[in-house]
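Single-structure report; data block below.
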2 protein chains.
Amino acid sequence: MPPTDARPASNTAWPPQSLAGLELFRGLEPAALAEVMAAALVRAVPRHTPLFHQGDPAQHCHALLSGGVRVSQTNAAGAQVALRFIGAGEMFGTVPLFTDRLYPADAETVADSVEIRWTEATLRQLITRHPAIALNLVTVIGRRLMEVQDRLREVTTGRVEQRLARALLRLAARGTASAAGTALAFPLTRKDLAELSGTTLHTASRTLAAWEKRGWLSSGRPNGRARITLHDQAALAAMAEDGRE
Amino acid sequence: MPPTDARPASNTAWPPQSLAGLELFRGLEPAALAEVMAAALVRAVPRHTPLFHQGDPAQHCHALLSGGVRVSQTNAAGAQVALRFIGAGEMFGTVPLFTDRLYPADAETVADSVEIRWTEATLRQLITRHPAIALNLVTVIGRRLMEVQDRLREVTTGRVEQRLARALLRLAARGTASAAGTALAFPLTRKDLAELSGTTLHTASRTLAAWEKRGWLSSGRPNGRARITLHDQAALAAMAEDGRE
DNA sequence: CGGCGTATTGAACCAGGTCAACGTGCGTGG
DNA sequence: CCACGCACGTTGACCTGGTTCAATACGCCG
């Protein structure tokens, strides 16, 4: 079934903390937030649904209220790279509105999700009326730039184990901690992890199996197969640091 | 000798096309440009001078009026990655003003250069008075994000020759074309090229030697040792495409 | 002209990719 | 509710691009 757009039944009824969680609108007064909310389109999207494709004309600024989205690029030869996993409260697909107007990547849900979005015209109006949004945008994109630069450094200087460890730690920062460990926020296959850390699913599988044996993490039960829980972030951090256990 | 700061002797006397070339201030009216100019600090910097270091507190928005700057990161183990080479008219070192206020990289001139910069306070004032600057900033940083994402994809999916070819083509886009070929805008050692394309200077040297033998480019004479001229961009583009010649 | 940073080139090694074959748990449909 | 099928995961054996180590040559600057 195709996902359907809808305004929230009542603007004020929609959880305001969803918006407060969006860094893009940080620091706006309640009145402005209400305005932002009123202009938004919200839709529920089942998992494994494409939200946009590489090369499509960019028409919206997207964000996620719940669920998870994989943003990935495919090169000419068909090889995939995962650029980023988007969790609740994160923005995505917004940069091309300000550059070449073409989505540079694919986006697809990896879990049942609720997406919120604004058309480009709406976003520009909002920015005009509330210039703070533009500065927030610079902050968000700037942080993302720095993160990708970090990954570029890792991938050219480090070994696979380091990158895999760091990828897990980055995901853990957005996961939920409990006594049993930190559960990652969305399901990730070995292939996902491989594409995130720049390796093959074979190597990723071997490495994860080794770490699971050491008790650093566990995958699978008691949730779906692709649910990963970290038990020893310190060990992973050490691995990410010096690449030697 | 330490580089010295100076206001241009006369604001209006300073070449206005320098500013017009800065995408950051694109679309501003002449009066606004004059304002920007009046607030700028300009200094001449000899080659091989550090402009800032990784980890330093970020205090300025920088741009280059002439010359060249290498922006690079060093990891814990001391390995270097070149994030970007900055040419005339390009902005750099501005992102951390909006994120964590710490330069994430080193910047050092690779040729005698003229730098123009604004303090953070000045930049914020300018943005407040001319909101278009904030949107230009989003565009510039967004484009850079997309470029780094491209490099990340290349480095994880492609072979060394492809990355080297692409690095050269990217640099050529900012070089000067003539009958003899396209001369790159600043001197680049084999090590620079290696750090740009994520390989070792040994492999870079071997590859460049092979390409020089095929007539795709030439290096060294008649300029300094590290001056590179491309003669067959089509061949390099083919190499960048499919990685097989 | 002497010395040092840069470049070239050869040889050996190895991390990780590739190819191949086999498990296994999840979801679906009967 | 159970059984079947398939997508996902695991594991082993082999292969190779590119790094590493090492040694020599070049060219620029003082």
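Chain A is the first sequence line, chain B the second, and so forth, proteins listed ahead of strands; every chain is numbered from 1.
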Between [N] ([atom2]) and [X] ([atom1]): distance, integer Å:
| X | N | atom1 | atom2 | answer |
| --- | --- | --- | --- | --- |
| B:His202 | C:dT6 | NE2 | P | 13 Å |
| B:Trp211 | C:dA7 | CH2 | P | 16 Å |
| B:Gln162 | D:dG17 | CD | P | 13 Å |
| A:Arg159 | C:dG17 | CZ | P | 12 Å |
| B:Leu193 | C:dA7 | CG | C1' | 13 Å |
| A:Arg227 | C:dG25 | CZ | P | 18 Å |
| B:Leu201 | C:dT8 | CG | C1' | 10 Å |
| A:Leu208 | D:dT10 | CG | C1' | 12 Å |

Looking at B:Arg206, does any N or O in its side chain come under 4.0 Å of the phosphate oxygens OP1/OP2 on C:dT8? no
B:Thr199 side-chain N/O to D:dG18 phosphate OP1/OP2 under 4.0 Å: no
Fit a plane to each ring of A:His62 and A:Phe52, take the angle between them on a 0 to 90° scale, and name the class: parallel (under 30°), tilted (30 to 60°) or perpendicular (over 60°). tilted
Would you say A:Ser72 and A:Glu195 are linked by a side-chain donor-acceptor pair, where the criterion is simply a distance under 3.5 Å? no
State, without any angle test, whether B:Gln80 and B:Thr74 hold a side-chain donor-acceptor pair at a distance under 3.5 Å. yes
Just checking B:Thr203: base, sugar-phosphate only, or nothing, at a heavy-atom cut-off of under 4.0 Å? base
CG of B:Leu164 to CZ of B:Arg190: how many Å apart, nearest 0.5 Å? 9.5 Å
Between C:dT8, C:dT18, D:dG9, spot the one nearest the side chain of A:Ser205, thanks. D:dG9
